[in-house]
Amino acid sequence: MAGSYANSGEYIKHHLTNLTYGQKADGSWGIAHGADEIKEMGFWSINLDSMLFSIGLGMFFLWLFHKAAKKASTDAPTGLQNFIEMIVEFIDDSVRGSFSGKNPLVAPLAMTIFIWVFLMNFMDLIPVDLIPWLAGLLGVPYLKVVPSTDPNITFGMSLTVFALVIYYSIKMKGAGGFFAELAFHPFPKFMMPINLVLEGVTLIAKPVSLALRLFGNLYAGEMIFILIALMYSGGWILGISGGFLQLGWAIFHILIITLQAFIFMTLTIVYLDMASQTDH
Amino acid sequence: MNFNATLIGQMITFVVFVWFCMKYIWPPLMAALEERNARISEGLAAAQRGQQDLEEAQAKVGESINDAKQQAQEIINQAQKRANEIVDEAKDAARDEADKIKVAATADIDQQVNSAREHLRKEVSVIALAGAEQILKREVDANAHAAVLDDLVAQI
């Protein structure tokens, strides 16, 4: 399918461009064509594809689990119910293992992160050209189907987690306690500025690493899928070996997407646990 | 990496989803799981109790059987004792009865002997009288000599 593009560079670029809606340079509102127009739109524009798939997958997750929650009873679970309860127990175990305090928010938060991120990552396993091609038939010029390859999405989640970390730090330790943690550690009090810089970097590194780890992994994975997809236009020998490569990378990617979802969830729990600990 | 309003959209979506999950998904699922855990452990405990009850009942049954056996043995022993006693009593009674019969028979025999003897005595006295009559060739007044004859009879 790369054949319809002028060259492979354009193909790659096209696959990495979001469907962005915003105000164009001439003042009219509309969908941006190409990276330059997206840049001109500035902050007040929105990636329709990322939002659509992110919300859609989130809704799917909530619908599925809500269905299970409504049917939940003490009788022996069957089929889907069993699967959902297995996930719930797995997450409950993870939270109990990493989070020492009592907070009704942490477990649902962890579950939302794990399932949602997993589903968003899972979009990566759908052949890269399939959905953009279908959308193209409907007249949609750009479509990035994996929301977690959009830094807006990953930072949106990590910054929310970061806000919760700050909130619980202040709530559990008090504003003074939180400041003390940042200022009087690891060196004695008289070296406060150095402490503030060090701890500040540590604090800021949490959401940044959380978001960039997920984004980087998925972006790179998506990129490799795109590069493999390029081989299909290189004759039948390259095409067949590309098929095997795609299969291999997809199988390996199943591990990556699950792992990334799990890491995001676990680190969130750990950060919130650190924020909630008063004896420091 | 272009940051735009998608960031804010995602944050809002995230918050809403977590809120929904916290409100409508997590609590009922956890409640169901915990309730089921409780039910399972209750069931296991009940099973164990049942096992224990069964063992106790079995022990009780064994005890009862032993008791019954012992009682039966006692009853048999008593019955045997009683039977022996009855046999002994019967023997004694039979012996007594036999003695009584023997005594009665003896008395009867004695009486018959006596009556026979009496009869004989009378016969003898009559014969003696007849003999004496013949010898004396004269009538002896039986009535006059009754005292002598009775004397004779008593001597026989």
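Sequence lines set the chain letters: A, B, ... in the order given, protein chains first and strands last, and positions in each chain run from 1.
Residue A:I84 touches chain B through its side chain alone, counting heavy-atom pairs closer than 4.5 Å. In this structure, chain A has no heavy atom under 4.5 Å from any part of B:I40. Interface remark: A:S158 contributes no atoms to any contact with chain B (heavy atom separation under 4.5 Å). Heavy atoms closer than 4.5 Å to chain A are found in both the backbone and the side chain of B:I25. At a 4.5 Å heavy-atom cutoff, the contact between A:I38 and chain B is made by side-chain atoms alone. Residue contact with chain B, scored on non-hydrogen atoms closer than 4.5 Å, involves the backbone and the side chain of A:M59 alike. With a 4.5 Å cut-off on non-hydrogen atoms, A:N18 does not touch chain B at all.
Taking every heavy atom of both residues into account, B:G9 and A:M51 meet most closely at C-CE, 3.6 Å. The minimum heavy-atom distance linking A:A69 with B:Y24 is given by the pair CB-O, 3.8 Å. For the pair B:F14 and A:W116, the tightest heavy-atom approach, listed with the atom from each and the gap, is CD1-CZ3, 3.4 Å. Shortest non-hydrogen contact noted between A:A72 and B:L29 is CB-CD2, 4.1 Å. The two residues B:C21 and A:M111 make their nearest non-hydrogen contact at SG-CE, 3.5 Å. The two residues B:A5 and A:W44 come nearest to each other via the heavy atoms CB-CE3, 4.0 Å.
Each of A:D150, A:T112, A:L164, A:I153 has some count of heavy-atom pairs under 4.5 Å with chain B, and the biggest count is that of A:I153. For the set A:L159, A:L105, A:D92, the entry with the most heavy-atom pairs within less than 4.5 Å of chain B is A:D92. Among the candidates A:G22, A:S45, A:A68, the residue making the largest number of heavy-atom pairs closer than 4.5 Å to chain B is A:S45. Ranked by heavy-atom pairs shorter than 4.5 Å toward chain A, the options B:I12, B:I8, B:N37, B:L33 are led by B:L33. Ranked by non-hydrogen atom pairs under 4.5 Å with chain B, the options A:A163, A:P77, A:A35, A:S50 are led by A:P77.
B:T6 places a side-chain N or O within 3.5 Å of a backbone atom of A:N47 that can act as its donor or acceptor partner.
Counted within 6.0 Å of CZ on A:F90, heavy atoms from surrounding residues, nucleotides or ligands total more than 12; the atom is thus considered enclosed. Annotation for A:D36: atom CG does not count as buried by contact number, only 12 or fewer foreign heavy atoms lying within 6.0 Å. The environment of B:E63 atom CD is sparse: at most 12 non-hydrogen atoms of other residues, nucleotides or ligands sit within 6.0 angstrom.
Taking the side chain as every heavy atom from C-beta outward, B:Q10 and A:N152 never approach each other to under 4.5 Å.
The distance between the ring centers of A:F155 and B:F3 falls below 6.0 angstrom.
Distance CZ/B:F20 to CZ/A:F65: 12.5 Å, rounded to 0.5 Å. A distance of 6.5 Å separates CZ in B:R36 from OG in A:S73, rounded to the nearest 0.5 Å.
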Pair B:N4, A:M41 - check side chain to side chain contact (heavy atoms under 4.5 Å, CB included), show working. CA-CA 9 Å; B:N4 56 25; A:M41 284 175 177; over 6 Å; no

